[in-house]
Amino acid sequence: MSPEQQKPRNDSSSHKVVSKKINQILSALRVPDLPYPASKVPSEAEPEWRSLLLSCWAEQRDERVTRVLGSVDITWSVRQVNAAYLSDRIMDLFLKTSGLHPTLITRIARLRFWLAWRLDVAGAEAFSGRLLDWLDHLKEWRGWSDTGGRSARALLDQLDVLKQLVADSFEQESPTLVESFCEHWLADAEKRQAQVNRLSDRLLETEQGASRQRFADQVARALIGRALEGRQLPRGISRFILEDWYSVLKQSVWLEGTAGEAHRHANKLLEWLVWAGDPQLSRNDPSRLYHVGEQIEDRLNSVWSRVFSSPAPAEAIAKAHADIVARIRGDEPALEPALPQSRPLKWDTAWLSLTPVESADVERFGQKWYVEGEGVREQRRFFFALLEHTNEILWTNGVGAKLSTQGWPTFVAALESGALRELPAPTPFGQILGETVTVLAQVCVKQQKQREKAAEQARARAEAARLAKQEAERKHREQEAARQAELERQRAEAEKQRQEDEKAEQLRQKRQRELEAGQQIDGIPLGGWIVIAGDPEPVRLKLAVKIAASNKFVFVDRLGLNRSEFHYEDLVEGIVENRIRVLGKSAEFDDTLTRVVGRIRVGRS
């Protein structure tokens with residue numbers, strides 16, 4: 001958890017805007033390659049998907065809801081598909097930008113199944129104020145690591161409780177249990193934050209004191225180590241420096257720091273002790289050795305009293321002073337390595353030249369979360385404070401518990417090598433929700449405009465097609481009319497031609513008949529017979545005279561009476577019209593036979 005948290009607040013006006021956009025997305029969004037129905041699904045035919053989503057939640061599946069919908073052969077409604085897509089989109093972004101540990105955010109992201117169901121049922125009301133506050137407040141746990149410890153397990157236990165409550169919410173078809181869980185979580189977070197603040201203050205105070213002690217100890221060790229390295233000293237002086245004067249040096253640093261007068265005097269007396277005790281250093285300057293031996297006891301007591309506010313033990317200084325007096329008298333006390341091999345002194349002269357860290361660097365890197373490792377193995381730590389005395393970073397778990405300390409140079413080197421990485425600033429869930437909904441709402445508006453444009457184009461195409469059809473029909477009618485007219489003209493011409501041909505044929509036949517009639521007339525000899533149609537009986541006439549000048553034919557009846565004259569043309573016309581028939585020789589025979597029979601009858605009588 002971050003040590004600085006505030007309870008998230010939801011702006012009611014912005015929430016209304018987001019709610020409106022969510023409802024628009026659920027009804028109008030279309031995303032390629034999602035299992036949308038081919039046509040609108042009636043509300044009474046909408047498939048039940050709560051049990052499917054509940055089974056996915058119970059199995060804690062790390063799978064997109066849209067993929068689950070596409071894996072079964074069911075016709076889902078547009079609202080269900082869009083609810084699945086919206087919950088997937090939001091949780092996928094939350095996975096990437098929340099800054100939470102992969103183990104933690106993976107479990108939170110499985111809420112996509114519950115959110116998809118709630119979006120379908122309640123629309124924008126699925127993201128209630130308490131739910132959004134809880135999801136926003138999860139950034140408090142961005143420093144959580146899966147260490148397997150009690151504190152890490154406590155959070156996982158809470159999520160196990162949430163798992164059961166979400167399952168019960170599915171069964172009861174109500175969000176009440178989840179809402180109550182969120183409310184209790186937020187209430188506990190407020191109490192927990194007050195405790196974290198107290199623990200953090202106490203930890204900082206403790207660690208600053210420990211850092212001060214550690215700095216004093218390391219400086220004292222470094223001064224003694226540097227002074228005694230490679231030296232051969234009397235045992236009394238070496239033991240005094242390592243066992244007694246070490247405490248004076250350490251206390252002087254702790255009281256006034258390395259720049260204090262007490263520390264300066266204590267360090268100077270350390271140099272005197274080493275100089276006076278090492279024959280290689282003081283052998284050639286007996287007068288100075290005498291001067292040091294004369295003053296050193298008082299000086300040691302003075303600094304000791306100033307540092308500890310109490311006189312130095314007489315026996316402690318006496319051992320070292322006795323070795324110095326022996327040196328002044330010219331004795332050669334037994335020498336041994338100043339740094340014993342049996343108990344080696346650990347020291348580092350780098351503590352003597354410790355450079356303070358720039359305050360700008362502290363502000364730049366401090367109060368931030370860092371992570372080392374990858375994936376579920378990553379471990380997170382919070383840069384709580386820089387311990388100025390030792391230039392060490394105090395790492396905590398964000399809830400007032402110390403993890404470790406790390407020297408500033410080591411920290412910088414880890415950052416440069418990539419072994420340690422700064423965690424990006426967390427993205428609150430509410431921000432992800434707002435940005436996602438805004439983007440998808442813009443897509444909806446764009447798609448709506450595209451659909452309107454497509455509809456307008458379709459209407460224009462339909463109108464153009466209608467006009468084209470009308471024009472085609474008009475042209476077809478005109479063509480058909482022209483064709484019919486042409487056919488009519490052709491029929492008329494054919495009829496006219498037929499009539500002309502018929503007339504010509506009739507004329508030919510008439511002429512042929514007239515020719516034949518003329519031939520028949522020319523072939524009538526005098527006395528030849530013709531029959532003229534009459535009423536009631538046909539009349540037989542015999543040619544009596546041919547008048548060539550006037551082209552007349554004179555016919556008489558059987559008795560030579562009833563003279564009838566015909567012009568040649570009249571005879572031809574009569575023969576052609578079948579009103580006159582020319583009798584042949586058979587007719588003459590019949591006539592002769594008739595006269596003979598008639599005469600016989602007359603003779604008998």
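Side chains of Lys191 and Gln195 form no contact here, defined as non-hydrogen atoms less than 4.5 Å apart. Contact check for Val248 versus Phe308: side-chain heavy atoms found under the 4.5 Å cut-off. Between Trp57 and Lys163, the closest side-chain pair of non-hydrogen atoms falls below 4.5 Å. Side-chain contact between Leu104 and Leu159 is present, with heavy atoms from C-beta onward closer than 4.5 Å. Counting only heavy atoms from C-beta outward, the side chains of Val178 and Trp114 approach each other to under 4.5 Å. Counting heavy atoms from C-beta on, the side chains of Glu256 and Arg306 come closer than 4.5 Å. Val219 is listed as a side-chain neighbour of His263, based on a closest heavy-atom distance under 4.5 Å. Leu69 places none of its side-chain heavy atoms less than 4.5 Å from the side chain of Ile74.
Under the side-chain hydrogen bond (donor to acceptor under 3.5 Å, both in side chains) criterion, Ser211 pairs with Thr390, sequence neighbours left out. Applying the side chain to side chain contact (heavy atoms under 4.5 Å, CB included) rule to Asp201 yields no partners; only residues at least two apart in sequence or on another chain are considered.
The local environment of CD in Glu358 is sparse, with at most 12 non-hydrogen atoms from other residues, nucleotides or ligands closer than 6.0 Å. In Lys96, the NZ atom is not crowded: 12 or fewer heavy atoms of neighbouring residues, nucleotides or ligands sit closer than 6.0 Å. The neighbour count for Glu205 CD, taken as heavy atoms of other residues, nucleotides or ligands under 6.0 Å away, does not exceed 12.
Although no hydrogens or angles enter the test, the distance criterion places no donor-acceptor pair under 3.5 Å between the side chain of Lys139 and the main chain of Leu135. Side-chain atoms of Arg79 come within 3.5 Å of backbone N or O of Asp120 as a donor-acceptor pair. The closest donor-acceptor contact from the side chain of Asn391 to the backbone of Thr355 lies under 3.5 Å. Judged by distance alone, with hydrogens and angles left aside, the side-chain atoms of His137 form no donor-acceptor pair with the main-chain N or O of Asp133 at under 3.5 Å. For the pair Thr427 (side chain) and Thr97 (backbone), a donor-acceptor distance under 3.5 Å is present. Put simply, the side chain of Arg221 never gets that close to the backbone of Lys250: no donor and acceptor are under 3.5 Å apart. Of the possible polar contacts, one joining the Ser169 side chain to the Ser174 backbone as a donor-acceptor pair under 3.5 Å is found. Put simply, the side chain of Glu48 gets close to the backbone of Arg50: a donor and an acceptor are under 3.5 Å apart. In this structure a side-chain-to-backbone donor-acceptor pair under 3.5 Å is missing from Thr410 to Gln406. Between the Gln80 side chain and the Ser77 main chain, a donor and an acceptor come within less than 3.5 Å of each other.
The OG1 atom of Thr436 lies 11.0 Å from the CE atom of Met91; values are rounded to the nearest 0.5 Å. With rounding to the nearest 0.5 Å, the separation of CD1 in Ile241 from OH in Tyr246 is 14.5 Å. With rounding to the nearest 0.5 Å, the separation of OG in Ser98 from CD1 in Ile432 is 6.5 Å. In this structure, the separation between CZ on Arg89 and CG on Leu29 is 9.0 Å, given to the nearest 0.5 Å. Atoms OG and CD1, on Ser27 and Ile22 in that order, are 12.0 Å from each other to the nearest 0.5 Å. The structure places CZ of Arg110 at 11.5 Å from CG of Leu162, a figure rounded to the nearest 0.5 Å.
Taking the six-membered ring for Trp and the full ring otherwise, Phe411 and Tyr370 have centroids separated by under 6.0 Å. In this structure, the ring of Phe181 has its center less than 6.0 angstrom from the ring center of Trp185. Between Phe429 and Trp134, the distance from one ring center to the other does not fall under 6.0 angstrom.
Under the 3.5 Å distance criterion, with hydrogens and angles disregarded, a donor-acceptor pair is assigned to the side chains of Arg451 and Gln448. For the residue pair Gln193 and Asn197, a side-chain donor N or O sits within less than 3.5 Å of a side-chain acceptor on the partner. Donor-acceptor pairing under 3.5 Å is lacking for the side chains of Gln213 and Asp217. Under the 3.5 Å distance criterion, with hydrogens and angles disregarded, a donor-acceptor pair is assigned to the side chains of Ser128 and Glu179.
Of all heavy-atom pairs between Trp76 and Val72, the closest is CZ2-CG2, 3.4 Å. For Phe113 against Glu63, the heavy-atom pair with the smallest separation is CZ-O, 3.3 Å. Between Ala28 and Cys444 the shortest heavy-atom distance is C-SG, 4.2 Å.
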Subject >> Pair Leu433-Leu132, side-chain contact (heavy atoms from CB on, under 4.5 Å): steps then yes or no >> reply: CA-CA 9 Å; Leu433 174 63; Leu132 286 178; 3.6 Å; yes
Original post:
Going through the distances and angles, do Arg64 and Asp92 end up as a salt bridge (charged side-chain N to carboxylate O under 4.0 Å, His left out)?
Top reply: CA-CA 9 Å; Arg64 288 186 174 88; Asp92 287 344; 2.8 Å; yes
Original post:
Can Phe382 and Trp395 be said to form a ring pair (Phe, Tyr, Trp, His ring centres under 6.0 Å), step by step?
Top reply: CA-CA 5 Å; Phe382 183 69; Trp395 295 110; 8.6 Å; no
**OP:** Decide yes or no on side-chain contact (heavy atoms from CB on, under 4.5 Å) for Arg231 and Leu281, but give the supporting numbers first.
**Re:** CA-CA 10 Å; Arg231 298 296 177 187; Leu281 297 175; 3.7 Å; yes
**OP:** Under the salt bridge (charged side-chain N to carboxylate O under 4.0 Å, His left out) rule, what do Glu46 and Lys40 come out as? Steps first, then yes or no, please.
**Re:** CA-CA 10 Å; Glu46 184 172 309; Lys40 185 176 181 180; over 6 Å; no
Subject >> Step-by-step side-chain hydrogen bond (donor to acceptor under 3.5 Å, both in side chains) determination, Asp168 to Gln164 >> reply: CA-CA 6 Å; Asp168 293 342; Gln164 183 58 45; 3.0 Å; yes
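Salt-bridge annotation for Asp62 and Arg112: absent, with no side-chain N of the basic residue lying under 4.0 Å from a carboxylate O of the acidic one. Asp88 has no carboxylate O lying under 4.0 Å from a charged side-chain N of Arg67, or vice versa, which leaves the two without a salt bridge. A salt bridge links Lys402 with Glu207: the closest approach of a Lys/Arg side-chain nitrogen to an acidic carboxylate oxygen falls below 4.0 angstrom. Using a 4.0 Å cut-off between charged side-chain N and carboxylate O, Asp157 and Arg153 make a salt bridge. The existence of a salt bridge linking Arg118 and Glu125 is excluded, since no basic side-chain nitrogen approaches an acidic carboxylate oxygen closer than 4.0 Å. A salt bridge is defined here as a Lys NZ or Arg NE, NH1 or NH2 lying under 4.0 Å from an Asp or Glu carboxylate O, and Glu372 with Arg380 fails to meet this definition. Ion pair Lys268/Glu271 flagged as a salt bridge, since at least one NZ, NE, NH1 or NH2 atom sits closer than 4.0 Å to an Asp/Glu carboxylate oxygen. Ionic pairing of Glu392 and Arg214 is present here: one or more N-O contacts between side-chain nitrogen and carboxylate oxygen are shorter than 4.0 angstrom.
Classified by interplanar angle (parallel below 30°, tilted 30° to 60°, perpendicular above 60°), the ring pair Trp304/Trp245 is tilted.
Both cation-pi conditions hold for Arg30 and Tyr36: the charged atom is under 6.0 angstrom from the six-membered ring centre and inside a 45 degree cone around its axis.
For the side-chain contact (heavy atoms from CB on, under 4.5 Å) with Trp144, the qualifying choice from Val399, Thr103, Leu138 is Thr103, the only one to do so.
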